[in-house]
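For reference, the structure is listed below as structure tokens.
A note on names: the letters A, B, ... follow the listed sequences, proteins ahead of strands, and every chain is numbered from 1.
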2 protein chains.
Amino acid sequence: MKIKLDMSSSIPIYVQLRNQIVMGIAKGELQVGDYLPTVRQMAQDSGINVMTVNKAYSILKSEGFIEIDRRFGAKICPRKDSSFEFREKLEEELSLIIAESELKGIDKNDFFEMCKSIYDRINIVSVKGCEV
Amino acid sequence: MKIKLDMSSSIPIYVQLRNQIVMGIAKGELQVGDYLPTVRQMAQDSGINVMTVNKAYSILKSEGFIEIDRRFGAKICPRKDSSFEFREKLEEELSLIIAESELKGIDKNDFFEMCKSIYDRINIVSVKGCEV
DNA sequence: ACTTATTTCATATACAATATATGCAAAATT
DNA sequence: AATTTTGCATATATTGTATATGAAATAAGT
């Protein structure tokens with residue numbers, strides 16, 4: 001997959017990288033069991049520092065999207081999360097986005113149409129959880 | 001409305017404040033034409049610095065949720081935004097959230113149920129845009 | 001017109017987060 | 001055991017966040 005980083009964005013570089021990898025997994029561009037480029041390779045390809053890549057990978061690891069081993073690097077390995085905490089955090093994020101949408105003139109129907117369109121357009125694949 | 005700031009959160013204080021004010025407007029707790037507390041008052045009530053409050057209000061102003069005048073302070077005055085840019089940004093945020101949800105095991109139906117529940121629970125009011 | 005009161009805004013500083021450069025540690029392969 | 005290749009640790013510079021303080025703007029009162 002192709003990583004595009006916007007150096008002028010207010011979103012930190014490591015967050016942009018993290019986000020694009022998550023999107024890549026969801027779209028099936030990165031498959032369970034695939035390996036990400038090494039931190040050195042990704043840094044070189046993207047024109048950023050290895051430690052910045054390492055930060056993104058670290059976060060993805062702690063969020064449960066990848067597993068890292070020192071010899072082989074970062075493997076796509078998403079873990080489901082049915083915890084109350086995850087769900088609560090998601091609801092909070094969605095609540096804010098819904099509030100903003102409403103205030104900006106995007107009503108409930110429009111919002112749902114947008115979500116449907118996203119599910120269709122991005123072609124989110126059903127991803128098997130990672131079995132150990 | 002009651003502002004609650006989590007000083008241990010990774011979300012910057014000014015962002016938390018901004019978010020809660022947006023939620024407050026969407027829920028009708030803050031009405032079009034209402035005035036927010038002055039930056040000094042809000043700072044005192046919340047136990048933070050006036051400049052931190054000022055940053056939040058500044059952002060709300062530039063995002064088009066409030067209007068500020070020097071004499072009277074910050075007035076709730078949300079402006080609709082039908083621009084392509086706003087919509088595009090919203091779709092991008094939603095895309096990422098949808099991708100994460102899917103990877104964490106929350107499928108499309110579940111996601112839509114959650115959104116419905118949010119619309120119902122938060123009781124988002126239809127907010128009249130601010131007429132000048 | 002001038003003064004007062006009350007508000008936001010500007011400036012400066014300390015601390016935290018981000019991004020980087022470099023070398024160390026771990027682990028499989030040779 | 002040595003080599004290779006990988007992530008990880010440490011240190012530093014820059015930028016963002018949070019704060020303290022005073023200046024500027026503006027309506028109301030005298």
Side-chain angles (χ1 to χ4, degrees), chain A residues 3-22 30 33-79 96 130 132, chain B residues 3-22 30 33-77 96 130 132:
Chain A
I3 299 289
K4 290 184 195 123
L5 302 174
D6 176 2
M7 299 300 172
S8 63
S9 170
S10 63
I11 301 178
I13 296 177
Y14 72 94
V15 174
Q16 289 181 53
L17 181 53
R18 175 260 177 209
N19 290 347
Q20 285 180 45
I21 290 168
V22 167
L30 294 168
D34 284 357
Y35 278 89
L36 288 176
T38 64
V39 288
R40 278 193 180 84
Q41 190 64 52
M42 178 65 87
Q44 182 165 40
D45 294 347
S46 307
I48 58 179
N49 185 275
V50 293
M51 288 309 297
T52 308
V53 175
N54 187 263
K55 176 131 196 193
Y57 283 16
S58 245
I59 284 166
L60 287 164
K61 176 182 174 181
S62 69
E63 288 177 328
F65 292 113
I66 64 175
E67 283 182 347
I68 295 180
D69 89 18
R70 199 181 258 281
R71 185 66 187 127
F72 299 111
K75 177 170 76 173
I76 306 299
C77 186
R79 272 183 281 118
L96 183 62
C130 209
V132 179
Chain B
I3 299 289
K4 292 181 191 123
L5 301 174
D6 177 1
M7 300 298 171
S8 63
S9 170
S10 62
I11 299 175
I13 296 175
Y14 72 94
V15 174
Q16 290 181 53
L17 181 52
R18 177 260 177 210
N19 290 347
Q20 285 180 45
I21 290 168
V22 168
L30 294 169
D34 284 357
Y35 278 88
L36 289 175
T38 65
V39 288
R40 278 201 176 84
Q41 190 64 51
M42 178 65 88
Q44 184 166 36
D45 294 345
S46 306
I48 60 178
N49 185 274
V50 294
M51 287 309 296
T52 308
V53 175
N54 187 263
K55 176 128 196 196
Y57 283 15
S58 243
I59 285 165
L60 286 164
K61 176 182 174 182
S62 69
E63 288 178 329
F65 292 112
I66 64 174
E67 284 184 347
I68 296 181
D69 90 18
R70 201 180 254 284
R71 185 65 187 128
F72 298 112
K75 179 171 74 172
I76 306 300
C77 188
L96 183 62
C130 209
V132 177

## Note on the structure
Of all heavy-atom pairs linking B:Gln16 and B:Asp6, the shortest is OE1-N, 2.8 Å
### Task
Mind checking B:Thr38 for me? I need base, sugar-phosphate or nothing, with any heavy atom below 4.0 Å counting as a touch.
sugar-phosphate
### Message
If I take atom CD1 in residue A:Ile59 and atom P in nucleotide C:dA17, what distance separates them, rounded to the nearest angstrom?
### Response
12 Å
### Message
Under 4.0 Å, counting only non-hydrogen atoms across every strand here, what does A:Tyr14 touch: a base, just sugar-phosphate, or nothing?
### Response
sugar-phosphate
### Summary
Ranking C:dT7, D:dT19, D:dC8 by distance to the side chain of B:Asn49, first place goes to D:dT19
### Task
For the residue pair B:Val39 and B:Met42, establish whether any side-chain heavy-atom pair is separated by less than 4.5 Å.
no
### Query
Does some side-chain heavy atom of B:Leu96 sit less than 4.5 Å from a side-chain heavy atom of A:Arg18?
yes
### Message
Side chains of B:Lys55 and B:Leu17, heavy atoms from C-beta outward: is any pair under 4.5 Å?
### Response
no
### Query
Side chains of B:Ile21 and B:Phe65: closer than 4.5 Å at any heavy-atom pair?
no
### Query
For the pair made of CD in A:Gln44 and P in D:dT6, what is the distance, rounded to whole Å?
12 Å
### Message
I want to confirm an ordering. Mapping A:Phe72 and A:Pro12 to their closest nucleotides on DNA chain C, which one lands closer to the 5' end?
### Response
A:Pro12
### Summary
Judged by nearest nucleotide, the residue sitting upstream toward the 5' end of DNA chain D, A:Met51 or A:Arg71, is A:Arg71
### From D:dA18, C:dC9, D:dG7, nucleotide with atom closest to A:Asn54 side chain
D:dG7
### For atom CZ of A:Arg40 and atom C1' of C:dA26, their distance in whole Å
13 Å
### Query
Within this structure, what is the NZ-to-P distance between A:Lys75 and D:dT6, rounded to whole angstrom?
16 Å
### Task
Grab the CZ-P distance between A:Arg70 and C:dC24 for me, whole Å please.
14 Å
### Query
Of all the choices, D:dG7, D:dA18, D:dA27, which nucleotide is nearest to the side chain of A:Val39 once you look at every atom?
D:dG7
### Query
Over how many whole Å does the gap from A:Ile48 atom CD1 to C:dT20 atom P extend?
6 Å
### Query
OP1 or OP2 of C:dA19 sitting under 4.0 Å from any side-chain N/O of A:Lys55?
no
## Note on the structure
note: A:Asp69, atom CG; C:dA28, atom P; distance rounded to Å ~ 8 Å
### Query
What integer distance in Å separates B:Tyr35:OH from D:dA27:P?
11 Å
